[in-house]
Amino acid sequence: RPSLASAPPRGGFAPSASPAPFLAPGGEFLPPGPCLAVLCRTMEQLDAALSGGASWVECDFEDLRRYKEAVERTRTRGIPIALAPPRIFKPGEAGFLSVLLKAAPDALLVRSTAHLAVFAREAPGTPRIGDYSLNVANDLSAAWALDQGLARFVPSYDLNFEQLSGVLSRIDPSRAEVVVHQHMPMFHMEHCVFAAALSKGKDWTDCGRPCDRHRVSLRDWAGKEHPLVADAGCRNTVYNAVPQSASQYVRRMLEAGVRWFRVELLGEDAAGARRLVNAYREVLDGARDGETLWRELRASNVMGVTRGPLGREG
């Protein structure tokens, strides 16, 4: 992984041709109806999303070298794909971004202001989507994000439903990509728990990459196990053990003009990912009640869904 970081970014990147229904002449994404974006972390999840009802996919892989294959798979299905870089970008890590550009995706996820600058310079013709880590939490920050040339943005995870509704009422809601299912990321750290706990090495040069072979979680005082995920830069993210759902708010978001809805997968296998994507696709299509879905997921005790940061129904 770190060997990728040393490669310099390459100019002259030719943006790919995205399917016409998703691009306006100015480069903005304009879905013909409610669009289900699915963020995948494995190739198996990607295949499940492509067959389960996703109209857009976003990949956040630990192994960036698989991005080229991911793009090729989506091209055969005619579904657009965006690729995500590691959340942190430091000097000497330009090679990570170069791998994304070489894969020629339909769009790029922007996770920091450094990504904004690099992608604007190296891939000016490729649509860019601002991820939640840009912390767009009000209409002023939304205007700033869109002024940077972003096609759309993911609102900050700090917003509850009432606050999100307030932001949406003051902007073009079709430019927001609202996350309706996720495991909340709680900590993002330089310390690699995989290397420290599962190897005798000191860092990526001699740890043996235990993150490629093991799944790790951190158990809290209440006995809940919070998943741990490593990225390409050997940084670790701790995710909340309990997934959060906003399915009960989907109808109201649609009425407010939201057209982009994101489901974030984490540790689901192919079958679980397909069921989850299918369920949210049915909610967006009006074939399933969002409140019922939330209750079913909670009652089954499989998903353990809570209302989380989107607050209580007002």
Shortest non-hydrogen contact from [X] toward [Y]:
X: R281; Y: G52; result: CB-O, 4.4 Å
X: R87; Y: P185; result: NH1-CB, 4.3 Å
X: R251; Y: L284; result: NH2-O, 3.0 Å
X: A137; Y: V167; result: O-CG2, 3.6 Å
X: L109; Y: L39; result: CD1-CD1, 4.3 Å
X: L97; Y: P85; result: CD2-CB, 3.5 Å

Measuring only between side-chain heavy atoms, which start at C-beta, is [X] closer than 4.5 Å to [Y]?
X: D269; Y: E44; answer: no
X: L150; Y: L134; answer: yes
X: S245; Y: L293; answer: no
X: N135; Y: D158; answer: yes
X: Y67; Y: K102; answer: no
X: R262; Y: Y280; answer: no
X: T74; Y: P105; answer: no
X: E58; Y: E177; answer: yes

Original post:
Do any N or O atoms from the side chain of R128 and from the backbone of A107 form a donor-acceptor pair under 3.5 angstrom?
Top reply: no
**OP:** Report yes or no: does Q244 contribute a side-chain atom to a donor-acceptor pair with the main-chain N or O of M184 at less than 3.5 Å?
**Re:** no
Original post:
Hey, mind stepping through R73 and E69 against salt bridge (Lys or Arg N to Asp or Glu O under 4.0 Å) and telling me if it holds?
Top reply: CA-CA 6 Å; R73 290 196 187 193; E69 179 186 354; 2.6 Å; yes
Original post:
Which word best sums up how the rings of Y249 and F161 line up, parallel for under 30°, tilted for 30 to 60°, or perpendicular for over 60°?
Top reply: parallel
Subject >> Ring geometry between F119 and H115 (parallel below 30°, tilted from 30 to 60°, perpendicular above 60°) >> reply: parallel
**OP:** For the pair D47 and R77, find out whether any cationic side-chain nitrogen is under 4.0 Å from an anionic carboxylate oxygen.
**Re:** no
**OP:** Please step through side chain to side chain contact (heavy atoms under 4.5 Å, CB included) for the pair D106 and R75, ending with a clear verdict.
**Re:** CA-CA 10 Å; D106 298 297; R75 290 281 150 73; 3.3 Å; yes
Original post:
Are side-chain N/O atoms of S174 and D172 paired as donor and acceptor at under 3.5 Å?
Top reply: yes
